[in-house]
Asker: 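Sharing a structure with you now.
Letters A, B, ... mirror the listed sequences (proteins, then strands); counts begin at 1.
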2 protein chains.
Amino acid sequence: MASNERKQENPQAAAAIDRIIHEPARYMIMAYLYVVESADFIFLLNQTGFTRGNLSSHIARLEESGYVEVIKEFVAKKPHTMLQLTRKGREAFEEYRKSLQQMLDGLPK
Amino acid sequence: MASNERKQENPQAAAAIDRIIHEPARYMIMAYLYVVESADFIFLLNQTGFTRGNLSSHIARLEESGYVEVIKEFVAKKPHTMLQLTRKGREAFEEYRKSLQQMLDGLPK
DNA sequence: GTAAACAAGTTTGTGATACAGACTAAACTG
DNA sequence: CAGTTTAGTCTGTATCACAAACTTGTTTAC
């Protein structure tokens with residue numbers, strides 16, 4: 001254990017966190033998609049209580065990150081947006097939860 | 001359980017989170033203070049690897065929130081800043097950890 | 001058939017925030 | 001006393017979360 005092995009103590013776990021998922025709004029979205037497997041814009045809107053604009057931009061961010069796939073189609077002549085986690089998104093979500101758990105386990109009591 | 005008890009499902013746990021502590025940098029600071037009981041600026045600087053400016057502003061935020069007490073004194077003629085969690089800060093930290101744990105427990109598997 | 005109302009999102013504007021780099025003030029060094 | 005070090009603070013900037021305004025198309029009212 002060389003002397004330059006400094007600062008690898010516990011609270012450091014917090015530094016390794018996926019900031020995309022760390023935002024509670026996005027965590028909520030991903031958590032729904034994680035269990036539901038696929039959901040539409042309106043469903044998420046109702047469940048989360050976000051404004052449309054806010055929801056829209058979080059979805060855009062998740063899409064850019066490659067965490068969700070956005071499928072747009074027309075249903076009964078209206079636009080309809082379906083969301084689902086990508087494989088990458090699912091893995092990132094699991095990884096994030098693992099990190100958090102480690103962070104929590106890091107402290108005694 | 002009235003029918004208007006809607007949307008109290010699990011991912012909602014993410015909405016109730018203390019944003020002050022949710023920032024990983026501040027979580028790290030509070031985690032150190034939680035175990036160490038009291039630490040100085042330089043110690044935190046070394047442990048966290050933050051820049052002075054960044055550390056300074058997070059400390060300011062924690063102080064405003066009433067989560068840490070900042071004690072400035074002169075040691076060997078040099079300014080010396082000691083930090084310690086307030087009771088409120090300690091409770092908020094425990095509360096935050098509890099919320100996170102609930103959030104994690106919220107999902108199956 | 002045109003106008004008002006509605007539906008489903010997207011774009012834009014704003015205020016807050018995280019971070020780093022420049023700055024400051026005091027003390028020590030040669 | 002000029003320069004350097006120490007210990008922080010202040011300032012500038014890029015990013016972000018959020019809401020309000022806007023867009024595109026459909027349905028309803030007259």
Asker: List for me each residue that meets side-chain contact (heavy atoms from CB on, under 4.5 Å) alongside K77(A), sequence neighbours excluded, and say none if there are none.
Answerer: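 So K77(A) forms no side-chain contact (heavy atoms from CB on, under 4.5 Å) with any residue.
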Asker: Can you list the residues that meet the ring pair (Phe, Tyr, Trp, His ring centres under 6.0 Å) rule with F41(B), with sequence neighbours excluded?
Answerer: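 Ring pair (Phe, Tyr, Trp, His ring centres under 6.0 Å) list for F41(B), sorted by chain: empty.
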Asker: Listed by chain and number, what are the salt bridge (charged side-chain N to carboxylate O under 4.0 Å, His left out) partners of R52(A), not counting sequence neighbours?
Answerer: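 Here no residue qualifies.
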Asker: According to salt bridge (charged side-chain N to carboxylate O under 4.0 Å, His left out), who are the partners of E69(A), at least two apart in sequence or on a separate chain?
Answerer: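 Scan of E69(A) (salt bridge (charged side-chain N to carboxylate O under 4.0 Å, His left out), adjacent residues dropped) gives none.
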Asker: What's the CG-P distance between L55(B) and dC10(D), to the nearest Å?
Answerer: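 Those two atoms, CG and P, are 14 Å apart.
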Asker: How does protein reach along nucleotides 9-28 of chain C, written 5' to 3' as B (base within reach of a heavy atom under 4.0 Å), S (only sugar-phosphate), or - (no contact)?
Answerer: BBB-----SSBBB-----SS
Asker: Please list every donor-acceptor pair under 3.5 Å in which a side-chain atom of residues 85-92 of chain B meets a protein atom from a residue at least two apart or in another chain.
Answerer:
{"residue": "T86(B)", "atom": "OG1", "partner": "G66(B)", "partner atom": "O", "Å": "2.6"}
{"residue": "T86(B)", "atom": "OG1", "partner": "Y67(B)", "partner atom": "O", "Å": "3.3"}
{"residue": "T86(B)", "atom": "OG1", "partner": "K88(B)", "partner atom": "N", "Å": "3.4"}
{"residue": "T86(B)", "atom": "OG1", "partner": "G89(B)", "partner atom": "N", "Å": "2.9"}
{"residue": "R87(B)", "atom": "NE", "partner": "E91(B)", "partner atom": "OE2", "Å": "3.2"}
{"residue": "K88(B)", "atom": "NZ", "partner": "S65(B)", "partner atom": "O", "Å": "3.1"}
{"residue": "R90(B)", "atom": "NH2", "partner": "Y34(B)", "partner atom": "O", "Å": "3.3"}

Asker: Round to the nearest Å and state the distance from L83(B) atom CG to dG8(D) atom C1'.
Answerer: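 Atom-to-atom, L83(B) to dG8(D), this comes out as 12 Å.
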